[in-house]
Amino acid sequence: MTNAISKVTKNGSSLNVEWRDGEKSNFNFMWLRDNCPTAHDKDSRHRMFNILNVSENLSPKKFLINTDGKLEIEWSEGNHISYYDPDWLRKNCYTIKNKQKYISPYQLWNSSLQDNLSLISIKHDEIMNSNEGLIKWLELLHQKGIAIVKNAPTEKKSAFPVLNRISHTRETFFKTPFEVINIPKPNNSAYSSHALRNHMDLPWFENPPGYQFLHCLINDAKGGDSSAIDAFAVANYLRNNEKDIFETLVSVPLKFRDKDYTQESHRNFYAPAISLTKDGDFNDIRFSVATMDTLDCHPDIMDKVYKAHHRFGNLLHDNKFQIKFRLEPGDIFSFNNRRILHGRTEFDPNSGHRHLQGYYMDRDEIIGRLNFLKK
Ligand code: OGA
Ligand code: ZN
């Protein structure tokens with residue numbers, strides 16, 4: 001047995017476990033009862049045991065390390081004995097887990113990535129033909145937040161097979177794929193020939209799409225060059241150098257609104273420009289000059305909120321951070337929509353044709369598939 005228990009003692013509402021290698025763990029009574037190996041259905045793996053059926057005063061009547069090396073507990077209620085495998089206890093020990101230093105999966109980047117675009121490029125067929133290729137794409141998306149798939153087909157809707165190597169796409173009212181072309185009376189500035197400042201898509205959703213894929217079919221017009229920026233890197237710069245501004249961006253919800261005149265729905269959402277995870281890592285960025293609504297935060301903070309938004313927005317277009325490139329037919333510009341902001345320069349629709357098709361996918365699909373394939 002790799003993880004042998006040498007001693008167990010009672011300590012208030014938990015058991016203290018000493019391991020053969022000197023490590024110590026604390027296991028709460030209710031936590032132990034709730035995680036009894038018999039608590040779950042074998043097939044669905046759902047918990048069938050209901051902790052609400054025992055009282056808060058639940059405690060072990062008897063506990064010992066049995067001849068199999070398992071922790072055996074006879075409970076004070078419910079006429080039940082639990083047997084815990086020491087390897088399972090060690091693997092799920094929250095005492096040890098809480099002592100570990102958090103390591104971010106994110107590799108923040110700045111404009112120096114521009115000279116190394118091959119680092120974030122991957123061939124379409126490599127993804128189609130091998131799990132190694134798929135893993136490489138998913139790791140780029142998860143760690144750097146950006147990847148450019150090269151040499152994809154250029155027929156309409158032809159990005160589906162490679163996207164479905166990951167999972168299903170996320171539907172929106174723009175339809176899948178959405179057509180990024182210059183149209184009369186555009187319901188979205190993306191469907192014009194105007195420049196688009198660095199932005200995320202759909203910040204006015206409660207849960208904006210986690211990832212976006214822009215598949216370039218034709219790019220013959222003058223202009224229409226792409227830009228991208230790692231807004232986590234910009235947020236990190238502010239966290240380290242301009243703490244007051246960072247604090248405002250994390251704590252004050254901004255208002256975003258869908259302004260699409262074709263919609264028979266009024267969608268809006270409040271969220272701070274930067275949100276953090278339970279570990280203090282970066283979670284989401286919400287930034288879009290085009291769809292930020294008329295702010296209505298308290299008069300005492302409006303000035304500081306606008307100045308923080310102004311500073312953040314300037315850094316989000318700073319050449320020290322952003323990269324610029326031109327999409328070629330057969331490229332799929334893939335990125336974390338809640339981390340990497342994207343933009344384009346104005347193009348001249350009379351000089352040639354430009355057509356991208358866009359797809360969205362939830363973040364769960366990217367991370368879930370990567371975790372599955374890495375196991
Ligand atoms: C979009 C968008 C960029 C481009 O459709 O959301 O930002 O290069 N398009 O046209
Ligand atoms: Zn966009």
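Basis for what follows: all heavy atoms, side chains included, without hydrogens, waters or symmetry-related copies. Whatever order the structure lists ligands and atoms in, that order sets their numbers, starting from 1.
Around the Zn ion (ligand 2), protein N, O or S atoms at less than 2.8 Å comprise H199 NE2, D201 OD1, H342 NE2.
Side chain to side chain, Y270 and D296 meet the donor-acceptor criterion of an N or O pair below 3.5 Å. Side-chain atoms of N182 and R354 form no donor-acceptor pair, as typed in the model, at a separation below 3.5 Å. In the model, N26 has a side-chain atom that pairs as donor or acceptor with a side-chain atom of S14 under 3.5 Å. Y102 and D281 form a side-chain donor-acceptor contact under 3.5 Å, judged by distance and modelled atom types alone.
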For ligand 1, what N or O to protein N or O distances fall under 3.5 Å?
unit_1: ligand 1; atom_1: 6 (O); unit_2: D201; atom_2: OD1; d: 3.1
unit_1: ligand 1; atom_1: 6 (O); unit_2: D201; atom_2: OD2; d: 2.9
unit_1: ligand 1; atom_1: 7 (O); unit_2: H199; atom_2: NE2; d: 3.1
unit_1: ligand 1; atom_1: 7 (O); unit_2: H342; atom_2: NE2; d: 3.0
unit_1: ligand 1; atom_1: 8 (O); unit_2: R354; atom_2: NH2; d: 2.8
unit_1: ligand 1; atom_1: 10 (O); unit_2: R344; atom_2: NH1; d: 2.7
unit_1: ligand 1; atom_1: 10 (O); unit_2: R354; atom_2: NH1; d: 2.9

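In this structure, R239 satisfies the cation-pi test against F282, with its NZ or CZ atom closer than 6.0 Å to the six-membered ring centre and inside 45 degrees of the ring normal.
Follow the hydrophobic side-chain contacts under 4.5 Å out from V250 and you never reach M302; the two are in separate clusters.
The side-chain hydrogen bond (donor to acceptor under 3.5 Å, both in side chains) with E139 is formed by just one residue from the set Q107, K374, K144; it is K374.
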query: Please walk me through it: do K101 and D279 pass salt bridge (Lys or Arg N to Asp or Glu O under 4.0 Å)?
result: CA-CA 10 Å; K101 195 174 166 336; D279 297 298; over 6 Å; no

task: Go through the steps to decide whether K61 and E74 satisfy the test salt bridge (Lys or Arg N to Asp or Glu O under 4.0 Å), and finish with yes or no.
output: CA-CA 5 Å; K61 218 163 36 181; E74 185 180 340; 3.7 Å; yes

